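So you know, we letter chains A, B, ... as the sequences are listed, proteins then strands, and number each from 1. In this text the structure is predicted, and so the values were computed from the model without any measurement.
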Amino acid sequence: MLDIKYILANQEEYAGMLKNRKHDFDLGILSGLDAKRRKIIGETEDLKAKRNEGSKRIGMAKNDPSLDVPAMKAEIKAMGDKIKELDTELAQVEEELHTHLMTLPNKLSATTPIGNDENDNPVVRTWGEPKKFDFEPKPHWDIAEALGIMDFEKGVMLAQSRFTVLQGLGARMERALVNFMLDLHTKEHGYLEVEPPFMVRSAILEGTGQLPKFAEDLYKLQNDDLWLIPTAEVPLTNLNRESILEEKDLPKYYTAYTPCFRREAGSAGRDVRGLMRQHQFDKVEMVKICTPETSYDELEKLTSNAEDVLKILNLPYHVVNLCSGDIGFGSCKTYDLEVWLPSQNKYREISSCSNCEDFQARRMNLRYRPSDGSRPRFVHTLNGSGIAVGRTLIAIIENYQNEDGSITIPEALVPYMNGLTRIDLR
RNA sequence: GGAGACGUGGCCGAGUGGUCGAAGGCGGUUGACUCGAAAUCAACUGAGCGGCUUGCCGUUCCUAGAGUUCGAAUCUCUACGUCUCCGCCA
């Protein structure tokens, strides 16, 4: 959510951003509602001041027989009725305003390029070189099925399409990757490991921006106000909501492993085979809470923390800067990490690192008190995958495949696999 | 799931219908004293919103929502949470 004052004071600038995001909205609606709101507040507060004064007088006068207390009461009661009326009207206006503000996307960073779609995302840097195979590299589903480490049919049998069963060394490597990533972020990058709830209430999802707009992407429990989390960003970012942190306690770095649940509405037909796009997948997430002055430096560091995972696993990747037409609703600036997949002969998303500035902080009411003791300010929040575990498994299987159908285990992962160096056909 | 108790500011804790944004303490900031923020003393010390003469005025907030009343931290109802006992369970 953005500050209504910012929007009204910078209508042209923000309207331009909306256009670049391809979000159609007439900002004039907001100024009308805001003017109405101020008018009602003026009237109702005026009446409340009079009522408070009158009630106080009754309290002091009730033992004085020369005063007509019933008449005073009647007069103030009329005021009370009028106040109730105005307050109801005010609540309606504020709700309408709030609904608009909650469905408007974030600002864009000056360093976010303008563009239409993913084809306009500039490559910021490239690391490693795609390996040359002297045989035709296979897609991960063929390799994994032959090795008996993934069973796609059983996933469908137990749940529905876009669910997969990992077993044996496939399940083992998934767990190894989670441990490897968490160890890296906690020991080398200074993050606090958290195990959050995998279900959260509606207000929590409003805090990070998934609600109210994107309910169709989420799984909702039938009998409770609880939703399955689509990413650990949601519980981690909300950990300190509705509070005022001390500047000396910032920045805060959190990391968590969680499963993520997404309905994938609107992606029918895309990545239908394999583990690429699942309704349930594992992810290690990183979240930062920091001051406005440091958030863009923190974004660079966060992104490099995610890149380290790929570097250590020796997986070629590049970093792209998401353009205005592709960037997410709540983000001002996003770097996507895309890993090389030999079977597709292209780079595919494996991590997304975003600076949301104070967009989520406003929705969560998360502030900090500057160390000079001045008024509380909203924090900036950042999040990034560190990284998507299932897609890392795909990248390892494809990049480390051998001609005989076996997979070499990346050196850094060997200790997490009980010393195992290869997965062979049985 | 059943029964009972409770939910007050950063923390602890008074307050059972008016003068209460709320005693007192702790914590914090500043000043005095001092070689020295060790002790002592003094003052200050919540947030949101609205207005304008930008420092003040007004208003709202005592878990949340609704109600009674001229007036609610205080009374009523509901929800949520915490604690204790019982039941159940990993």
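- A:Asp358 places no side-chain N or O within donor-acceptor distance of the main-chain N or O of A:Ala361, the cut-off being under 3.5 Å.
- Pairing for B:G67 is with B:C75, a Watson-Crick or G-U wobble pair whose two hydrogen-bonding atom distances lie under 3.5 Å.
- Spacing of P atoms, B:G28 relative to B:C11, comes out at 15 Å, to the nearest Å.
- The main-chain N or O of A:Ile40 is never found under 3.5 Å from a side-chain atom of A:Thr44 such that the two would form a donor-acceptor pair.
- Distances shown here put every side-chain N or O of A:Arg51 at or beyond 4.0 Å from the OP1 or OP2 atom of B:U59.
- Set against B:G58, B:C70, B:G50, the side chain of A:Glu45 has B:G58 as its closest nucleotide.
- Residue contacts for A:Arg201: at a heavy-atom cut-off of 4.0 Å it reaches no nucleic acid atom on any strand shown.
- Contacts of A:Lys84 with the nucleic acid, taken as non-hydrogen atoms under 4.0 Å apart, involve only primed sugar atoms and P, OP1 or OP2.
- When rounded to the nearest whole Å, the span between CD of A:Glu53 and P of B:U59 equals 9 Å.
- Position along RNA chain B of the nearest nucleotide to A:Gly42 versus A:Arg367 favours A:Arg367 as the more 5'-ward residue.
- Across the strands present, B:G31 finds its partner in B:C41; the criterion is a Watson-Crick or G-U wobble pair with both atom distances under 3.5 angstrom.
- A distance of about 24 Å separates the C1' atoms of B:G13 and B:G18, rounded to the whole Å.
- OP1 or OP2 of B:U60 lies within a sub-4.0 Å distance of a side-chain N or O belonging to A:Asn52.
- Under 4.0 angstrom from either OP1 or OP2 of B:G50 there lies at least one side-chain N or O belonging to A:Lys5.
- Between the side chain of A:Thr255 and the main chain of A:Glu285, a donor-acceptor pair closer than 3.5 Å is present.
- Taking the C1' atoms as reference points, B:C83 lies 23 Å from B:C77, given to the whole Å.
- Nucleotide B:C49: paired with B:G58 (Watson-Crick or G-U wobble, both distances less than 3.5 Å).
- When the P atom of B:C52 is taken as reference, atom CZ of A:Arg38 falls 9 Å away, rounded to whole Å.
- Figure legend. B:C26 is base-paired to B:G10; pairs are counted as Watson-Crick or G-U wobble with both atom distances under 3.5 Å.
- Taking atom P on both B:C86 and B:A47, the two are 45 Å apart, rounded to the nearest angstrom.
- Listed candidates were B:G50, B:C70, B:A47. Nearest to the side chain of A:Pro376 is B:A47.
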Inset, instruction - Show your reasoning for whether salt bridge (charged side-chain N to carboxylate O under 4.0 Å, His left out) applies to A:Asp34 and A:Arg37. - result: CA-CA 5 Å; A:Asp34 188 61; A:Arg37 172 177 154 267; 3.0 Å; yes

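- Taking atom CD of residue A:Glu43 and atom P of nucleotide B:U59, one finds them 16 Å apart after rounding to whole Å.
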Legend entry - A:Asp424/A:Arg422 under salt bridge (charged side-chain N to carboxylate O under 4.0 Å, His left out): CA gap, chis, key distance, verdict: CA-CA 6 Å; A:Asp424 284 302; A:Arg422 284 166 67 95; 3.1 Å; yes

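- Pairing for B:U82 goes to B:A5, judged as Watson-Crick or G-U wobble with the two contacts each under 3.5 Å.
- When each of A:Ser55 and A:Lys73 is assigned the nucleotide of RNA chain B bearing its nearest heavy atom, the one mapping closer to the 5' terminus is A:Ser55.
- Relative to the ring axis of A:Tyr191, A:Lys252 does not place its NZ or CZ within 45° and under 6.0 Å from the centre.
- Atom CD1 of A:Ile58 and atom C1' of B:G17 are 14 Å apart (whole Å).
- As rounded to the nearest Å, B:U60 and B:A66 have P atoms that lie 15 Å from one another.
- A gap of 13 Å separates the P atoms of B:G65 and B:U74, to the nearest Å.
- For the pair A:Glu246 CD and B:G27 P, the computed distance is 16 Å after rounding to whole Å.
- A:Leu33 has its CG atom 14 Å from the P atom of B:G50, to the nearest Å.
- Comparing B:G46, B:G48, B:U59 against the side chain of A:Arg369 picks out B:G46 as the nearest.
- As rounded to the nearest Å, B:G48 and B:A43 have C1' atoms that lie 27 Å from one another.
- Note: CG (A:Asp3) to C1' (B:G48) measures 13 Å, nearest angstrom.
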Legend entry - Test log, rule salt bridge (charged side-chain N to carboxylate O under 4.0 Å, His left out), inputs A:Glu85 and A:Lys82: CA-CA 5 Å; A:Glu85 216 174 278; A:Lys82 180 68 182 168; 3.7 Å; yes

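- For B:G81 and B:G55, the C1' atoms lie 41 Å apart once the distance is rounded to whole Å.
- Remark: B:U16 base-pairs with no nucleotide; criterion is Watson-Crick or G-U wobble with both hydrogen-bond distances under 3.5 Å.
- Among the heavy atoms of the strands, none lies under 4.0 Å from A:Asp46.
- At whole-Å resolution of the value, CZ in A:Arg375 and C1' in B:C49 are 11 Å apart.
- Base-pair partner of B:G21: not found among the strands shown (Watson-Crick or G-U wobble, both distances under 3.5 Å).
- Side chain of A:Asp224 to backbone of A:Leu226: no donor-acceptor contact under 3.5 angstrom is found.
- Distances shorter than 4.0 Å separate some side-chain N or O of A:Arg37 from OP1 or OP2 on B:G50.
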